[in-house]
Amino acid sequence: MDINHIKRNVTGFLCCLFFFVSCIENDIPYPYREGSITDFLVEGQLDNTLEIDKTKGMVTVEVSDAVDLAALRIKKLTVTNEAEVRIDSAACLDYNAFPRIGFSSLDSLPKSADTRVDFSSSVSLILQTYQEYPWKITVNQTIERAVQVSNQVGEPVIDLANREMVVYVAKEQHLDRITVTKMQLGGSVGIVVPDPTTVTDFSRPCSFEVTRFGVTETWKVTILHTEGGAVSGGETIAMANRIIVTGMIQEGKIPVIEYREKSSSQTQVDDGWQTLPASSVTVNGTSFTATITDLNPSTTYVYRVVVDDIAGEEAECKTAALVSLTNGSFDNWHQDGKLWNPWLATGVSFWDTGNKGATTLGDSNTIPTDDTSNGTGKAAKLESRFVGVAGIGKFAAGNIFAGSYVRTDGTNGVLSFGRPFETYPTGLKFKYKYTSAEINKSNDSDYNYLLGRLDSCHIYVALSDKAEPYEIKTKKSERQLFSKNDKNVIAYGEFISAKTISGYEEYTIRLDYRDYRKPKYLVIVATASKYGDYFTGGEGSTLYLDEMELTYD
């Protein structure tokens, strides 16, 4: 056999071996382990501003104007599946000292770590598991610029691009005799030179040097006479039984609010005016807020602002309608095999439960009951228990929520919280009784410290202007739960109790409004075990719910 023949055989063998090995590698793929950011915090971060979008790989927060975006310290960065963190080196003040793992606090890091990042623009990072997951973090900052001068009318007009501010004052105010009590051109920490309170002549525009974190800019301030009256701008927010009026007013003036129901007749239009008590009007600098209460729903009202006995233009506003809570009596149920559903078989669901997950290992643990508050119809019985066989399974909290059960992921649930809703209730009233058991089950070691304590029921209600319902995931590595601090939450209220109540009692959760943006979704969740999302609670904890309704007052 010649040498060339030997070479051809060896080459062919190596090619076959390479092909064989390659086939093995391709046939055994790496396991799928998602890399996601689950929590994030930077210094100066404002409450209720954190937004994590897992589908787009984006984190967005807002910070106060008292921190430097160019050297902002990350205080928390928690990730799933112990993913390696690879942040954009150009954005780090010390890339070699930035942690390569997620961290729940600065205290958990070595003293040599440096988490300062330049967030003047969005920052990219990669989460590395078996795969790479790109993320982008955006930190927004609004510098609060404010001014207050003698006889000011309304808020100033600010031109950020040209660094100019225009302030309007009443016609009787001499422009060369201005008294400045506040001129915040660089936010809460900006240094303004010269001191604006020492400047009185604004007959011509004045320039000021404004320094923030070592960067100095020149701002021009112009003061002009207003062509309008003492009141300008403003908006109204119409709830079911009240109207909130906001607007701008000349500094030092007191607004008087007059209102009446719109007349069906075009005659005697001045009849019926009522004056809002001064205690219902709040003035803050050059802005005011007035709350008109005890109104009728779905009714058009007319109001006007009176200053120095001069009435402004009339404006109309229609109060919102009263919207009842669907199946708040919990009378309507149907059974499909072991599964109990809280709606008629021929109807459309408003409520749902985690029963679909529970029935994969046992029976429904949220069911209808004849034990009601008024002796008629049905009530909801939410019982927490361990579901499984031979000690294999999970703790399942009895629960009911406004939304839908989407799917089961192994032994975990994927839920959708929220139903479309566009009005402004003031509370959630219901009748309940509760049996609290000792917490004896925990499928999450992080919550083992609760073992031995009394379980608590938890009922909460929220209004949100989020574009879609909240996706809830209970799987620990992908956990995504509802947060009352979510920036889209407009109003929130909750009830938590570990007290055993043997007979039905009535309770009303008051909604605390953080803003009056237009709601898009109503979220209501009730559970017999507060830590049920973490598969932790007491077997036998049982919550009965009946006659639930939204209140408007």
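All heavy atoms count here, side chains included; hydrogens, waters and symmetry mates do not.
The cationic atom of Lys356 (NZ for Lys, CZ for Arg) does not lie both less than 6.0 Å from the six-membered ring centre of Tyr405 and within 45° of the ring axis. A cation-pi geometry, defined here as NZ or CZ lying under 6.0 Å from the six-membered ring centre and within 45° of its normal, does not hold between Arg86 and Tyr133.
In this pair, Tyr513 and Tyr424 present their aromatic rings tilted. The plane angle is within the 30 to 60° band. Between Phe482 and Phe417, the ring planes lie tilted relative to each other; the angle falls in the 30° to 60° range.
A donor-acceptor pair shorter than 3.5 Å cannot be found between the side chains of Asp352 and Ser404. Between Ser120 and Asp118, the side chains place a donor N or O and an acceptor N or O closer than 3.5 Å (distance only, hydrogens not considered). Asn488 and Ser464 share no side-chain donor-acceptor pair at under 3.5 Å.
No side-chain donor-acceptor contact under 3.5 Å links Glu132 to the backbone of Ile126. Counting only distance, with no hydrogens or angles, the side chain of Thr353 and the backbone of Asn399 share no donor-acceptor pair below 3.5 Å. Counting only distance, with no hydrogens or angles, the side chain of Asp53 and the backbone of Met58 share no donor-acceptor pair below 3.5 Å. In this structure, the side chain of Gln141 engages the main chain of Ser64 through a donor-acceptor pair within 3.5 Å. Between the side chain of Arg479 and the backbone N or O of Tyr534, no donor-acceptor pair lies under 3.5 Å. Between the Ser416 side chain and the Pro469 main chain, no donor and acceptor come within less than 3.5 Å of each other. Of the possible polar contacts, none joining the Asp533 side chain to the Leu481 backbone as a donor-acceptor pair under 3.5 Å is found. Gln480 places a side-chain N or O within 3.5 Å of a backbone atom of Glu471 that can act as its donor or acceptor partner. Between the side chain of Thr129 and the backbone N or O of Gln131, at least one donor-acceptor pair lies under 3.5 Å. At least one donor-acceptor pair closer than 3.5 Å links the side chain of Tyr434 to the backbone N or O of Cys457.
The heavy-atom pair separating Ala97 from Ser112 by the smallest distance is CB-O, 3.5 Å. Residues Thr423 and Pro519 come closest through the heavy atom pair O-CG, 3.4 Å. Taking all atoms of both residues into account, the shortest heavy-atom contact from Ile244 to Met239 is CD1-SD, 4.3 Å. Annotation for Ile74 and Leu106: closest pair O-CD2, 3.3 Å, computed over non-hydrogen atoms. Here the closest heavy-atom approach between residue Ser384 and residue Ser529 is recorded as OG-OG, 2.7 Å. Annotation for Ala402 and Leu522: closest pair CB-O, 4.3 Å, computed over non-hydrogen atoms.
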Inset, instruction - Could you check Leu511 against Val461 for side-chain contact (heavy atoms from CB on, under 4.5 Å), going step by step and ending with a plain yes or no? - result: CA-CA 8 Å; Leu511 271 166; Val461 54; 3.9 Å; yes
Inset, instruction - Go through Val523 and Phe421 one step at a time and tell me if the side-chain contact (heavy atoms from CB on, under 4.5 Å) criterion holds. - result: CA-CA 9 Å; Val523 175; Phe421 196 80; over 6 Å; no
Inset, instruction - Given side chain to side chain donor-acceptor pair (under 3.5 Å), test Glu494 with Tyr492 step by step and report yes or no. - result: CA-CA 7 Å; Glu494 66 182 351; Tyr492 181 82; 2.8 Å; yes
Legend entry - Test side chain to side chain donor-acceptor pair (under 3.5 Å) applied to Ser124 and Asp88, step by step: CA-CA 6 Å; Ser124 299; Asp88 181 3; 5.8 Å; no
Legend entry - Ser122 vs Thr138, side chain to side chain donor-acceptor pair (under 3.5 Å): CA-CA, chis, key distance, verdict: CA-CA 5 Å; Ser122 296; Thr138 301; 2.7 Å; yes
Inset, instruction - Test side-chain contact (heavy atoms from CB on, under 4.5 Å) on Gln184 and Arg145 and set out the steps. - result: CA-CA 5 Å; Gln184 191 171 286; Arg145 296 180 172 88; 5.8 Å; no
Legend entry - CA sep, side-chain torsions, deciding dist, call: Val123, Leu125, side-chain contact (heavy atoms from CB on, under 4.5 Å): CA-CA 7 Å; Val123 173; Leu125 61 80; 5.7 Å; no
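For Asn440, the side chain to side chain donor-acceptor pair (under 3.5 Å) partners two or more places apart in sequence, or in a different chain, are Glu539. Taking the side chain to side chain donor-acceptor pair (under 3.5 Å) definition, one finds that Thr211 meets it with Thr216, sequence neighbours left out.
Under the 4.0 Å criterion applied to side-chain N and carboxylate O atoms, Glu84 and Arg100 are not assigned as salt-bridge partners. Ion pair Asp444/Lys476 flagged as a salt bridge, since at least one NZ, NE, NH1 or NH2 atom sits closer than 4.0 Å to an Asp/Glu carboxylate oxygen. The residues Lys54 and Glu478 are annotated as not salt-bridged, no charged nitrogen and carboxylate oxygen being separated by less than 4.0 angstrom.
Here the side chains of Phe401 and Thr527 are not in contact, with every heavy-atom distance at 4.5 Å or above. The shortest distance between side-chain heavy atoms of Asn485 and Leu50 does not fall below 4.5 Å. Side-chain atoms of Lys518 and Asp465, non-hydrogen and from C-beta on, never get closer than 4.5 Å to each other. Put simply, the side chain of Pro99 does not reach to within 4.5 Å of the side chain of Val85, judged on heavy atoms. Side-chain contact between Phe495 and Leu428 is absent, with no heavy-atom pair separated by less than 4.5 Å. Contact annotation: the side chain of Tyr516 never approaches that of Ile490 to less than 4.5 Å [non-hydrogen atoms, C-beta and beyond]. Looking at heavy atoms from C-beta onward, Val117 lies in side-chain contact with Phe98 at the 4.5 angstrom threshold. Side-chain contact check for Thr38 versus Val79: every heavy-atom pair is 4.5 Å or farther apart.
In this structure, the separation between OG on Ser456 and CD1 on Ile496 is 7.0 Å, given to the nearest 0.5 Å. The distance from atom CD of Glu43 to atom CG of Asp68, rounded to the nearest 0.5 Å, is 9.0 Å. In this structure, OG1 on Thr78 lies 10.5 Å from CZ on Phe40, to the nearest 0.5 angstrom. Atoms OG1 and CG, from Thr218 and Leu185 in turn, are 11.0 Å apart once rounded to the nearest 0.5 Å. Interatomic distance, Met165 CE to Met183 CE, rounded to the nearest 0.5 Å: 7.0 Å. Between atom CG of residue Leu451 and atom CD1 of residue Ile439 there is a gap of 7.5 Å, rounded to the nearest 0.5 Å.
Crowding of Asp446 atom CG: a count of heavy atoms from other residues, nucleotides or ligands under 6.0 Å exceeding 12. The number of heavy atoms from other shown groups lying within 6.0 Å of NZ (Lys182) does not exceed 12. Lys136 NZ: 12 or fewer foreign heavy atoms inside a 6.0 Å radius. Within a 6.0 Å radius of CD in Glu82, other residues, nucleotides and ligands contribute 12 heavy atoms or fewer.
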